[in-house]
Amino acid sequence: MEVGFLGLGIMGKAMSMNLLRHGFKVTVWNRTLSKSHELVEHGASVAETPAEVVRKCKYTIAMLSDPSAALSVVFGKDGILEQICAGKSYVDMSTVDADTSSKISEAIKERGGYFLEAPVSGSKKPAEDGQLVILAAGEKALYEEVIPAFNVMGKKSFYLGQVGNGAKMKLVVNMIMGSMMNAFSEGLVLAGRSGLEPSVLLDVLDLGGIANPMFRLKGPTMIQGSHSPAFPLKHQQKDMRLALALGDETATSMPVAAAANEAFKKARSMGLGDLDFSAVYETVKALEEPSRNS
Ligand SMILES: NC(=O)C1=CN([C@@H]2O[C@H](COP(=O)(O)OP(=O)(O)OC[C@H]3O[C@@H](n4cnc5c(N)ncnc54)[C@H](OP(=O)(O)O)[C@@H]3O)[C@@H](O)[C@H]2O)C=CC1
Ligand SMILES: O=CC(=O)O
């Protein structure tokens, strides 16, 4: 199967590498050309524009940072719309909101193409290991056609119905994850301030009913103050923002998520946006720092 792949960031690089490893012919494009070099060493071809990828490939997959990137690659100069037509398909795996996904879907369908949104749950390591959870929605026939690619990139794919449902599911999941990361950070700080050993807290948590892979994976590095980016904090804050907008639309009160969003915004203002989203811990530490006189 021949596929195009747009966006070779943390996730896109790992996902396209997996496709190559499993025998797919892959043509890549990335805004910053240098990020395609490693893929080329592993057998990928490079295109100069997103439109060129679509011209060459029946299926084009994208993994881009946010709604503005997703829209510009479709609607911009040399974008997807310049070449999409009957017989060509576009699968956007970026985390965006339902409105963005619907705009892209409509424009592609108007030109006779097929569209699927397919955001993923799982971070850098699951992407490298082909263990993502894929949340697809849109053209059912296209979903079935691209299952071989999804099976290489993920451990489980869900088909969720109409366009927008994949985006919404992903935002709900990440809203929960961002809120959990803040509660976890506060717990680590509270333990330290109370004279407890944070590493012992990790052991206690891991044996109880709220044990989870995120605490297990991130806890030890957070305590060390190391936040090498797997899921960049700026993207987690984007997801909180989009989830809160979904809460506005549906009149869903989400005070916990709103507070978590503020903490991620604070972290961005402290210049931590490119670090892992666990760096929100540094913000909680800074906010909780007792004054000398207290
Ligand atoms: N990292 C993770 O753990 C996970 C991330 N996601 C989601 O996947 C998506 C990608 O994440 P990730 O790989 O971590 O992000 P990165 O920041 O590592 O990569 C972002 C990609 O988007 C490209 N891009 C950004 N702006 C534009 C633009 N205006 N035009 C064209 N290309 C653009 C970047 O190109 P360039 O190299 O030129 O900057 C890069 O290829 C995001 O939506 C994120 O929320 C989902 C699950 C897990
Ligand atoms: O979107 C991030 C993730 O870990 O999933």
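When a ligand or atom number is given, it counts from 1 through the structure's own listing order. If you're wondering where the values come from, they're calculated on a predicted model, not measured in any experiment.
Nearest heavy atoms, P229 versus I10: O-CD1, 3.7 Å. Pairing each heavy atom of T27 with each of A47, the nearest pair is CG2-CB, 3.9 Å. When all heavy atoms are compared, the tightest approach of S65 to A69 is OG-CB, 3.6 Å.
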Tabulate distances under 3.5 Å between N/O atoms of ligand 1 and N/O atoms of the protein, writing both atom names on each line.
from, atom 1, to, atom 2, distance (Å)
ligand 1, 1 (N), A230, O, 2.8
ligand 1, 3 (O), S123, OG, 2.5
ligand 1, 3 (O), A230, O, 3.2
ligand 1, 13 (O), I10, N, 3.2
ligand 1, 13 (O), M11, N, 2.8
ligand 1, 15 (O), H235, NE2, 3.1
ligand 1, 17 (O), H235, NE2, 2.9
ligand 1, 18 (O), I10, N, 2.9
ligand 1, 22 (O), S65, N, 3.2
ligand 1, 26 (N), R31, NH1, 3.4
ligand 1, 26 (N), S65, OG, 3.4
ligand 1, 29 (N), R31, NH1, 3.4
ligand 1, 37 (O), N30, ND2, 2.9
ligand 1, 37 (O), K35, NZ, 2.6
ligand 1, 38 (O), R31, NE, 3.0
ligand 1, 38 (O), T32, N, 3.0
ligand 1, 38 (O), T32, OG1, 2.5
ligand 1, 39 (O), R31, NH2, 2.9
ligand 1, 41 (O), L8, N, 3.2
ligand 1, 41 (O), G9, N, 3.3
ligand 1, 41 (O), N30, OD1, 2.7
ligand 1, 43 (O), L64, O, 3.0
ligand 1, 43 (O), S65, O, 2.9
ligand 1, 43 (O), T95, N, 3.1
ligand 1, 43 (O), K238, NZ, 3.2
ligand 1, 45 (O), K238, NZ, 2.8

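The aromatic rings of Y90 and F115 lie tilted to each other, with the angle between the two planes from 30° to 60°.
Within the 4.0 Å heavy-atom criterion, neither part of V173 lies near ligand 2. With a 4.0 Å cut-off on non-hydrogen atoms, Q236 does not touch ligand 2 at all.
Qualifying side chain to side chain contact (heavy atoms under 4.5 Å, CB included) partners for A191, counting only residues two or more places apart in sequence or in other chains: L196, L201.
Heavy atoms of other residues, nucleotides or ligands lying less than 6.0 angstrom from NZ of K25 number 12 at most. Atom OH of Y114 has 12 or fewer heavy atoms from other residues, nucleotides or ligands within 6.0 Å.
At least one heavy atom of K170 sits less than 4.0 Å from an atom of ligand 2. For H235, the closest heavy-atom approach to ligand 2 does not fall below 4.0 Å.
Here the CG-CG distance, from L233 to L272, works out to 6.5 Å after rounding to the nearest 0.5 Å.
Two different hydrophobic clusters hold L205 and L190 under the rule that ILVMFWY side chains link at heavy-atom gaps under 4.5 Å.
Near N174, meaning under 4.0 Å from any of its heavy atoms, are these atoms of ligand 2: 1 (O), 2 (C). Counting the atoms of ligand 2 from 1 in the order shown, those under 4.0 Å from a heavy atom of S121 are 5 (O). Distances below 4.0 Å separate heavy atoms of F231 from the following atoms of ligand 2: 1 (O), 2 (C).
No N or O atom of D239 sits closer than 3.5 Å to an N or O atom of ligand 2. Note: an N/O pair closer than 3.5 Å links G122 and ligand 2 by distance alone.
The backbone N or O of K35 sits nowhere less than 3.5 Å from a side-chain atom of N30 that would complete a donor-acceptor pair.
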